[in-house]
Amino acid sequence: MSGSPAPLIKGWCPGALRPMLSGDGLVVRVRPHGGCLSRVQLGGLGELAQAYGNGLVDFSARANLQLRGIKPEGHAAVLEGLNALDLLDTDSETESARNIMVTPFWQADDGTTALVQALENSLQHAIVHDGLRLPGKFGFAIDCAGPPVLRQASADIRIERTEAGSLLIYPDGAQTGRLVEPHNAVEQAMVLANWFVRSGGVCNGRGRMASHVRHMPLPPEYNTPVPFAPPFTPEPGMTSAGWMAGVAFGQCHASTLCALSTIASLRLTPWRMIVLEGVMQAPDLTELLQAGDARLRVAACTGAPACPQALAPVRALASDLAAHVPAHAFLHVSGCAKGCAHPQAATLTLVAQSGGFALIHHGTTTDQPIARNLSPERLRAHPELMTKD
Ligand code: SF4
């Protein structure tokens, strides 16, 4: 896209042991085991964010949690705190590979937690003993609590439950998969991960399954069609696992984590929403969004000044425009063409360029704009500009 410098693609995600430097300090990403945080862990994370960071916490699109603005001199103390909370991996290779997204709607008797535990163990063994090296963005989705809900979320190997109750494993992007038994599902996930590496899926440390299977035939046993599933639309409210609430732009203050720690354990989701385990009604916390909140129809990345690549601040503009987004439409406001907050197409996309915002209808940040050089002031004064063809 003209009018803006090409964004820098790093090809890896931050971790706790390998944090990423951003405009507001270190981003320390915590990968909770099984996508869950106990009340003790929530309270501990809130305290770490307040003591060593800028007090802001992100819920990421990979269902992880990030402490922001950590000062480099406080990093060692954060690691010590995470270790005490059982949230630290033994080494950065294991941490980086432990990208396991879990449906937040799992039930105690559906086998999900056993699968997650077994996959964590197998991954660590394969990394430490077999030298398996997966690309930094490579991940797994364990989505077998019922009809799949994670298909729109980033993952490379998916395990789902079919209508008949069997488990199906398949590479992201493939039309066919392999039926497996619960006792060998993880073993087959590791076989598939090794197949990806051996068949040339990794190039210069990068690679994703969906691009790989476009030109590489699957092993013959992957011959069961992946059933159609309608896109899952998350909504705040009561779920089978507890109360689900939104978090504007996936970010809250550490004080909200501390308050949540007095209420319930949390299950993280890739939708910038959280599930309060076992809770039956909306918690009275101002940073949690309930159904109908206009900010649920908007995504905006970190933007300026906290992201060094951003060409403009975006969240205040997104908040101001939220009420003007038509029902059933979705607005994505991005600080640069990388589109971190919403890589998919959106009804309306505003992307910051050097001369102002470009407006794209029904596309991503890199599609052809229908207007350019829109200033935030003009957009605020004339929000109807967003929907005019
Ligand atoms: S999309 Fe936003 S957060 Fe991502 S690099 Fe660009 S400005 Fe930064």
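One-based numbering, in listed order, for ligands and for the atoms of each. Starting from 1, each residue takes its place in the sequence as its number.
Between Phe196 and His212, the ring-plane angle classifies as perpendicular under the 30° and 60° cut-offs. Classification of the Phe140-Phe138 ring pair by plane angle, with boundaries at 30° and 60°, yields perpendicular.
A salt bridge links Asp156 to Arg208: one of the charged nitrogens lies within less than 4.0 Å of a carboxylate oxygen.
For a distance bound of 2.8 Å, the N, O or S atoms of Cys340 include one lying that close to atom 4 (Fe) of ligand 1.
Scanning all heavy atoms of the two residues, the minimum distance from Ser60 to Gln66 falls at CB-OE1, 4.3 Å. In this structure, Pro270 and Leu150 approach most closely via the heavy-atom pair CG-CD2, 3.8 Å.
Interface atoms of ligand 1 facing Gly339, defined by a heavy-atom separation under 4.0 Å, are 1 (S). Those atoms of ligand 1 with a heavy atom of Ala310 less than 4.0 angstrom away are 7 (S). Atoms of ligand 1 lying under 4.0 Å from at least one heavy atom of Cys307, given by number and element, are 3 (S), 5 (S), 7 (S), 8 (Fe). In summary, the atoms of ligand 1 found under 4.0 Å from a heavy atom of Cys301, numbered by their order in the structure, are 1 (S), 2 (Fe), 3 (S), 7 (S).
With a 4.0 Å heavy-atom cut-off, ligand 1 is reached by the side chain of Ser334 but not by its N, CA, C or O.
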